[in-house]
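First comes the structure, then the notes that go with it.
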Amino acid sequence: MLLADLFSQAKSFLKNPTKVGFEHQHSKERTILLLRQHLATQIVPIVFIFSLLILPLVIGLVLNLVEVDLKRFGITGIELFFALATWYLIVYGLALERFLLWYFNVYIVTNERIIDIDFLGIAVKRLSECNLNQIQDITFAVSGPIQTIFHFGDVLIQTAAEKQEFEFHSVPNPDLVVKEIMTQVRLEEAEPAGLVA
Amino acid sequence: MPVNSGEVFPIINFILNLGLESILLFVLFAYLIFSILVFRQVKLMERTLLTPLSTLMSFAAVLNIILTFVLIGGILVIF
């Protein structure tokens, strides 16, 4: 139950997520949508990590086939163990870093604003936000066979804020995202100015 | 591997003479810096977006550093 609860958070499209908080969240601000890039965009990194995992096995098989004995090169069993352990530790680190970049690069739609949190590599963070009443135009684009099959695409939001364009890249169900943002914009416009509800 | 390759490329001779354990130690110390950077980044990410999985990610990053120290220690003790 606990594990299921944990991994239910690791989705690309979360509507009204619970137990989610973010930096500078107002006390009455509710998260309506939490979006990440669609998992289909992570196929290349997943295949790359998987290839790194099986590479030592492949090399071992090839060396076995051509009957190369590593002892001839002065490599002992314990050295081989440490080399393999180092290799798999590095693969673990790369996979962790890749997962972190996917998991924490999020687009948040609240009942007050939209927020774009970007982590570029392991040393750069960028956070942009825009109030719902500053949104001028929203469009979405699903282009190419992969996006059509897996139903994800880009949502482009024109704003009157300092950052004039917000782009939600490769998010699932872009039509639903646009619909939800428009609903929140209408609700925000109907509220008295300055009210957080 | 030709014995005289180091005459043409001294760096190759240097690496061959280092031994596997020295190369592993060098790689692991470089990786330790990467692991610490990842841990710092996880902490920054956790402050930015707090979810139940964020805590697990911190644990994974700490485990990464601990395993690096274990391997460095193991190589230093055994060799």
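Note that the coordinates shown come from a computational prediction; the quantities given were computed from them, not determined experimentally. Chain identifiers are assigned alphabetically (A, B, ...) following the order of the sequence lines, protein sequences preceding nucleic acid strands; residue numbering begins at 1 within each chain.
- Taking a 6.0 Å sphere around CZ of Phe150(A), one finds it holds 12 or fewer heavy atoms contributed by other residues, nucleotides or ligands.
- A 4.5 Å side-chain heavy-atom check between Phe99(A) and Leu53(B) finds at least one atom pair inside the cut-off.
- The two residues Gly93(A) and Asn64(B) come nearest to each other via the heavy atoms CA-ND2, 4.0 Å.
- With a 4.5 Å cut-off on side-chain heavy atoms, Thr51(B) and Tyr103(A) count as touching.
- Between the side chain of Tyr92(A) and the main chain of Ala60(B), a donor-acceptor pair closer than 3.5 Å is present.
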| task | Check the pair Glu79(A) / Leu24(B) against side-chain contact (heavy atoms from CB on, under 4.5 Å), numbers first and verdict last. | result | CA-CA 9 Å; Glu79(A) 278 179 330; Leu24(B) 286 179; 5.9 Å; no

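- Proximity to chain A involves both the backbone and the side chain of Thr68(B), based on heavy atoms less than 4.5 angstrom apart.
- Under the 4.5 Å side-chain criterion, counting only non-hydrogen atoms from C-beta, Leu127(A) is in contact with Thr48(B).
- A continuous path of hydrophobic side-chain contacts links Phe81(A) to Val70(B) [ILVMFWY only; heavy atoms under 4.5 Å].
- With contacts defined as side-chain heavy-atom distances shorter than 4.5 Å, the pair Val42(B)/Phe104(A) does not qualify.
- Surrounding NZ of Lys125(A) are more than 12 heavy atoms belonging to other residues, nucleotides or ligands, all under 6.0 Å away.
- Between the Tyr31(B) side chain and the Leu89(A) main chain, a donor and an acceptor come within less than 3.5 Å of each other.
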| Chi angles and distances behind the side-chain contact (heavy atoms from CB on, under 4.5 Å) call for Met45(B), Phe119(A) | CA-CA 8 Å; Met45(B) 287 167 161; Phe119(A) 289 94; 3.6 Å; yes

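- Closest of all the heavy-atom pairs between Ile108(A) and Leu49(B) is CD1-CD1, 4.1 Å.
- With a 4.5 Å cut-off on non-hydrogen atoms, Ser35(B) does not touch chain A at all.
- Taking the side chain as every heavy atom from C-beta outward, Leu100(A) and Gln41(B) never approach each other to under 4.5 Å.
- Heavy-atom pairs under 4.5 Å with chain B peak, among Gln25(A), Glu23(A), His24(A), at Glu23(A).
- With a threshold of 4.5 angstrom between heavy atoms, Leu28(B) approaches chain A through side-chain atoms but not through N, CA, C or O.
- Looking at Ile78(B), only its side chain comes within 4.5 Å of chain A, counting heavy atoms on both sides.
- Considering CG of Leu80(A) and CG of Leu20(B), their distance stands at 8.0 Å, rounded to 0.5 Å.
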